[in-house]
Amino acid sequence: MYRTHTCGELRIEDSGNEVTLSGWVQRIRDLGAMTFIDLRDRYGITQLVVDENTDKQVAEKLKELGREYVIQATGTVRERSSKNKNMPTGEIEIALKGLSVLSPSVVPPFTIQDDTDGGDDLRMKYRYLDLRRNMVRKNLELRAKMAHAVRTYLNTKDFIETETPVLIKSTPEGARDFVVPSRMNPGEFYALPQSPQIFKQLLMVAGFDRYYQIVKCFRDEDLRADRQPEFTQIDCEMSFVEQKDVLEMFEGLTRHMFKEVLNIEVDEFPWMPWSEAMEKYGSDKPDTRFDMKLNDLSELVKGKGFSVFDSAEYIGAICAKGCSEYSRKQIDELTNWVKRPQIGAKGLVYVKYNSDGSFKSSVDKFYSPEDLKQWAEAVDAVPGDLILVMSGDKNHMLDALGELRLEMGNQLGLRDKKVFKPLWVVDFPLLEWDEESKRFFAMHHPFTAPKPEDIPLLDTDPGKVRANAYDLVINGVEIGGGSVRIFNSELQSKMFDILGFTKEQAEAQFGFLMNAFRFGAPPHAGIAFGFDRLVSLFAGLGSIRDVIAFPKNNAGRDVMNDAPAPISEEQLEELNLILNVKEK
RNA sequence: GGUGGCGUAGUUCAGUUGGUUAGAAUAUCGGCCUGUCACGCCGAGGGUCGCGAGUUCGAGUCUCGUCGUCACCGCCA
């Protein structure tokens, strides 16, 4: 028996008991004739004490100990003569009678403690040591708790958890696929799923009615703090439902998780049309923790002789509450910020609505105080506020103002991590025009159903067609998305047609799905949540890396085991592969 | 594919207009210490300043390239 208790559970009531603990040496405090050892495991830290005079044998053993040694310690629980109120086990200690080293440790490259001295690179390289730290382990415990809450909720709602294949067929739409060569089928490849999309729809055809899966998905695209090449989705599909039914079900799931995991009651989720999100927040994933909406000033500001505005397609503004005292330097910094290539604005016009009711702007030459008063009314500004205006190409400016809005939200401390504001963004466009290839792409995916009232537009103005597609957005993070699916093979054929597939291509790529639909497909709809993002949101973190046990770096590498890596000539031969790596 | 930040002791960092032998903290090792809990005190070892080239009498410092890493844009739902 290695232990009778964990390092986190002994209390003053256990005094006098003989116990055995196993764990890692956190720290040794050698006071000379008396030595204290902090013994750590997942559950906590317990202090061991050795008196040189009374425990000579054990004291001798202490000499070989070092940080992160795994030891087994036996002794008697006793009340401390000087207690530590800061730790749960702080009232007791173990007077050692026996001590054995189960496994020694070399000196670790960084210290295993909450405020570690290790940088990110090093912690990733020794991730198994990083995972010993409370902060990191807590994130993964949270993740496990959340996965449990998902299963509890969906199981009570009669969802069937079903696994779908990981080796599937590559499809042309969407993200780049990871591919896997097939040894048994020379020259042919599997793909790893970007999502189990087609399989879950086939499960609906199969009559499963309600399906879910917490499942790994793979996309071979460039990475970000919130994007990993392999990530986890809560993937779901339901039959005989409309959009409203799906949103209600998964609002229920989300609220259940907030309640179970964080003990937070969130407000009902508002529904916001995609067009409103774009116009008012400059984003399809608005952060509604704060207001500061975008305002279209185009009509108001034109025709006053300011050629920059007169020639612009769109002039928009946001109102930063209480910022009229911003200094020249602060305004300049904001101007430079929006001029960065990532934002790409030409400049920034400001109007200070001073506390005394007067105006000071960078365009005083062209606009009278009366004009500026009108602007202020249009953006709901009151004395003490700062109005920030940008002009240019409409879509670009909505985007830029949206970014500026978030930046001001950050500067003004309006994006509190402890506050959660979920909403549904609905009525996405069905199709997106691509200038390069001169064709439409499905904004969500090719199986998304158009809104019934917009179906006539498919023939006349496909770009205007809205989809029965929806995203769950929380605090400016896209947590999940889904759609009502097309379940009629004629409409599906039409979609493939609009997307530029020939009949043969559609048949080759999705024939089996179209074929399945000929055998009685129920109306169905589904959704998938980005589980990693949801966990990092709950944890109040910016990066999903911190909620994944073994994540990959920016370049998709696992710096711990150095994957990806070349394979042997024999392996290549067996897979019928010849490499043709281009020199840079 | 592109833009930017960072790279100095095991680790986290400092290092002035380019100027003598590159510092601090922490970790490690040794010594002292009976109530510590970030123990304390004394001492020691520890450096390819990421790598390569260039400018210069002289480069940790300036320039170019390269590698690594992070963030963002493109990409991705």
Side-chain angles (χ1 to χ4, degrees), chain A residues 26-39 45-54 59 63 66-68 78-87 89-91 93 95 106-126 129 173-177 194-195 197 217-229 231 233 284-285 337 340-344 399-400 403 425 428 432 434 436 441-445 448 467 469-473 477-483 527-530 533 542-543 545 552-555 557 559 562 584:
Chain A
Q26 175 73 31
R27 187 175 272 113
I28 302 168
R29 290 180 295 278
D30 181 358
L31 272 60
M34 173 174 263
T35 298
F36 299 100
I37 300 169
D38 286 343
L39 190 67
I45 288 177
T46 298
Q47 175 167 288
L48 315 177
V49 60
V50 180
D51 189 323
E52 196 177 62
N53 300 319
T54 56
K63 294 203 175 101
R67 253 175 217 273
E68 300 306 314
R78 75 175 183 213
E79 185 173 1
R80 290 197 199 180
S81 60
S82 63
K83 295 177 182 170
N84 185 341
K85 285 185 209 124
N86 298 320
M87 51 197 295
T89 62
E91 288 193 297
E93 63 194 355
V106 296
V107 175
F110 53 88
T111 54
I112 313 300
Q113 53 197 32
D114 289 354
D115 51 344
T116 183
D117 57 2
D120 288 348
D121 302 8
L122 206 63
R123 289 171 37 216
M124 280 305 163
K125 185 168 177 191
Y126 298 94
L129 296 182
E173 294 279 300
R176 218 171 274 124
D177 283 323
Q194 298 174 26
S195 79
Q197 185 59 36
C217 300
F218 306 86
R219 288 175 190 160
D220 185 8
E221 297 292 348
D222 287 1
L223 308 177
R224 292 284 187 283
D226 64 348
R227 275 170 21 198
Q228 284 273 301
F231 60 100
Q233 285 194 342
D284 60 0
K285 43 183 197 306
W337 190 85
R340 284 169 30 230
Q342 283 88 340
I343 307 294
D399 189 55
E403 293 291 342
V425 176
F428 277 76
E432 214 172 6
D434 180 62
E436 263 180 48
F441 275 86
M443 198 160 178
H444 187 59
H445 58 59
T448 300
Y470 34 81
D471 276 359
L472 174 62
V473 175
V477 180
E478 182 198 329
I479 291 299
S483 63
I527 194 166
F529 284 7
R533 284 185 190 174
S543 168
R545 249 167 258 181
K552 301 202 169 28
N553 76 5
N554 243 7
R557 296 200 73 85
V559 295
D562 202 28
K584 279 223 281 190

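Model, not experiment: these values are computed from the prediction. Proteins come first, then strands; the chains are lettered A, B, ... in the order of their sequence lines, and each starts at number 1.
The residue A/Arg545 sits close only to the backbone: its heavy atoms come under 4.0 Å of sugar-phosphate atoms, none of a base. If you check every strand for non-hydrogen atoms under 4.0 Å, A/Glu52 touches nothing. Residue contacts shown for A/Val49 are absent, as no nucleic acid heavy atom lies under 4.0 Å away. Within 4.0 Å (heavy atoms only), A/Met124 reaches no atom of the nucleic acid at all. Across all strands shown, A/Lys85 has no heavy atoms under 4.0 Å from either base or sugar-phosphate atoms.
The base of B/C33 lies outside donor-acceptor range of the side chain of A/Arg29, with no N or O pair under 3.5 Å. At a cut-off of 3.5 angstrom, the base of B/U36 holds at least one donor-acceptor pair with the side chain of A/Gln47. At a cut-off of 3.5 angstrom, counting only N and O atoms as typed in the model, there is a donor on one side and an acceptor on the other between the side-chain of A/Asn84 and the base of B/C37.
Spacing between atom CG of A/Asp121 and atom P of B/G7 amounts to 12 Å, rounded to whole angstrom units.
Residue A/Asn553 places at least one side-chain N or O closer than 4.0 Å to OP1 or OP2 of B/U69. Neither OP1 nor OP2 of B/C37 sits under 4.0 Å from any side-chain N or O of A/Asn86. Using a 4.0 Å cut-off, some side-chain N or O of A/Arg224 falls inside it from OP1 or OP2 of B/C73. The side chain of A/Arg80 contributes no N or O atom lying less than 4.0 Å from OP1 or OP2 of B/C37.
Stem regions for RNA chain B, each three or more consecutive Watson-Crick or G-U pairs with both distances under 3.5 Å and listed by first number, read B:1-7 with B:67-73, B:10-13 with B:23-26, B:28-32 with B:40-44, B:50-54 with B:62-66.
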